[in-house]
Protein chains: 2
Amino acid sequence: MFRLSKAAEYAIRGVLHLSFKAEGETCGIDEIAKAQGVPPAYLAKLFQSLARKGFVRSFRGVEGGFILTKRPKDITLLEIIEAMEGRICLNDCLIYAGYCPKDDVCPVHPVWKEAHKRFVDYLKGCTFEEMANASKVKAMRTKEKISA
Amino acid sequence: MFRLSKAAEYAIRGVLHLSFKAEGETCGIDEIAKAQGVPPAYLAKLFQSLARKGFVRSFRGVEGGFILTKRPKDITLLEIIEAMEGRICLNDCLIYAGYCPKDDVCPVHPVWKEAHKRFVDYLKGCTFEEMANASKVKAMRTKEKISA
DNA sequence: TTAAAATAGGATAAAAAAGGTCTTAAATGT
DNA sequence: ACATTTAAGACCTTTTTTATCCTATTTTAA
């Protein structure tokens, strides 16, 4: 099934939340979990994983929490998804060249290869800066509507 | 996880196999299963489902088996995938408009909407005729290489 | 030194995926 | 009529993945 896991979904929302913070400002799991409406204990584990992979830095103790290690414009949707789910692989035959013994005769193989490329390229083009900005614009529009 | 299920994979291979047959020529599960290297019992079940959904017609008894109800050029990869897995839905928020209460403020939503459109459009463009032809060309090239 | 916060990891429960088995029903040739 | 062939249908098992929760431990600022 072609469906994003909750793990990746939550991680994306978490990173997006951090994208709004000033550089260096830490943010605790509870704040993120509450704001994004996700289970705190689960999110904590996901952020541990993001920390090990270098996307966020963690600080323990009072006033601790997480910060991004890169600027939002340098983090792509693809990276966060692959951090949580492993490399995107639309079909087993793409695990590595030669995994499927029929690679060179199978007419479906090149189709999956191309689909993979397009999908990944698109996701690679989506940065958290873009998304954060889009969010601000949307929030403004909503405000306008309400006051109008 | 963004991965094609075995069910869909096997169904695709099965339909592809039928695409090489002359119109009206039936082909049994065992032949398909053997040729494509997939578990016969499982494939049988998948073909039952394809029959119910109108992609193939079945004939019981001696010389029975399956035929395609449409010509390969009129069957797309997308159709077969969706027949086996249900509608492609890259993220829960795309289940239907309004499913996610944050649709109109969430900056990730439009990204998934676009990714979905691109993915589906590509798969919709892939017909079994194309794939069958590609297969023949590949087989020829292999032959040339061997005799050269 | 104590309270706040992340870390590490296991436990688990539910769902989906992958596959098998066995019986019934229909078509066909003899 | 009957045996044979082949799909249909119902049910079941195993494995894997997903999504959680929970508890003990470490770190650190006040």
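Naming convention: chains lettered A, B, ... in sequence-line order (proteins, then strands); numbering from 1 in each chain. Remember, it's a predicted structure, so these values are computed and weren't measured experimentally. These values consider heavy atoms only, across backbone and side chains, with no hydrogens, waters or symmetry-generated copies.
- Summarising the hydrophobic clusters (Ile, Leu, Val, Met, Phe, Trp, Tyr; side-chain heavy atoms under 4.5 Å, direct or chained), the residues clustered with A:V62 are none.
- Across residues 2-18 of chain B, not one residue has a non-hydrogen atom less than 4.0 Å from an atom of DNA chain D.
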Can you give me the N/O atom pairs linking the protein to nucleotides 28-30 of chain C at distances under 3.5 Å, or say none if there are none?
none

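- Cluster note: B:V105 groups with no other residue, as no ILVMFWY side-chain heavy atom lies under 4.5 Å from it.
- Between the axis at the start and the axis at the end of the helix from C:dT1-D:dA30 to C:dT30-D:dA1 there is an angle of 10°, using five pairs per end and rounding to 10 degrees.
- Using a 30° and 60° split on the angle between ring planes, A:F2 and B:F119 fall in the perpendicular class, above 60°.
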Return a table of donor-acceptor pairs under 3.5 angstrom between the side chains of residues 43-56 of chain A and protein atoms on other chains or two or more places apart.
| residue | atom | partner | partner atom | Å |
| --- | --- | --- | --- | --- |
| A:S49 | OG | A:K53 | NZ | 3.3 |
| A:K53 | NZ | A:A83 | O | 2.8 |

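- In this structure, A:F66 places its CZ atom 13 Å from C1' of C:dA4, rounding to the nearest Å.
- One can place CD1 of A:I29 at 14 Å from P of D:dC21, the figure rounded to the nearest angstrom.
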Set out, line by line, the N/O atom pairs under 3.5 Å between protein and nucleotides 12-16 of chain C.
none

Let's go through A:K70 and A:E79 carefully: what are the C-alpha distance in whole Å and the side-chain angles of both, what is the deciding distance for salt bridge (Lys or Arg N to Asp or Glu O under 4.0 Å) to 0.1 Å, and is it a yes or a no? CA-CA 12 Å; A:K70 297 192 279 187; A:E79 286 177 302; 3.0 Å; yes
Which donor-acceptor pairs under 3.5 Å do the side chains of residues 19-27 of chain A make with protein atoms, sequence neighbours left out?
| residue | atom | partner | partner atom | Å |
| --- | --- | --- | --- | --- |
| A:S19 | OG | A:V15 | O | 2.9 |
| A:K21 | NZ | A:E31 | OE2 | 2.6 |
| A:E25 | OE1 | A:A22 | N | 3.4 |
| A:T26 | OG1 | A:E63 | O | 3.3 |

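- To the nearest angstrom, C1' of D:dT27 lies 13 Å from CZ of A:R57.
- Note that NZ of B:K73 and CG of B:N133 are 12.5 Å apart. Values are rounded to the nearest 0.5 Å.
- Atom CD1 in B:I80 sits 12.5 Å away from atom SG in B:C126 (nearest 0.5 Å).
- Remark: B:K45, B:Q48, B:R52 in residues 33-52 of chain B come within less than 4.0 Å of DNA chain D through at least one heavy atom.
- In terms of modelled atom types and a separation under 3.5 Å, the side chain of A:E82 and the main chain of A:I88 share a donor-acceptor contact.
- Other residues, nucleotides and ligands contribute more than 12 heavy atoms inside 6.0 Å of the NZ atom of A:K102.
- Salt bridge A:D121/A:K124: present, at least one basic N to carboxylate O contact under 4.0 Å.
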Identify each donor-acceptor pair in which a side-chain atom of residues 89-98 of chain B lies under 3.5 Å from a protein atom, sequence neighbours left out, and give them as a table.
| residue | atom | partner | partner atom | Å |
| --- | --- | --- | --- | --- |
| B:N91 | ND2 | A:E9 | OE1 | 2.9 |
| B:D92 | OD1 | A:R3 | NE | 2.8 |
| B:D92 | OD2 | A:K6 | NZ | 2.7 |

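- With sequence neighbours excluded, the residues forming a side chain to side chain contact (heavy atoms under 4.5 Å, CB included) with A:T69 are A:R57, listed by chain and number.
- In the hydrophobic clustering, A:I67 connects to A:F59, either directly or through intervening members, whenever side-chain heavy atoms lie under 4.5 Å apart.
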Step-by-step side chain to side chain contact (heavy atoms under 4.5 Å, CB included) determination, A:I12 to A:L4: CA-CA 11 Å; A:I12 290 165; A:L4 189 73; 4.1 Å; yes
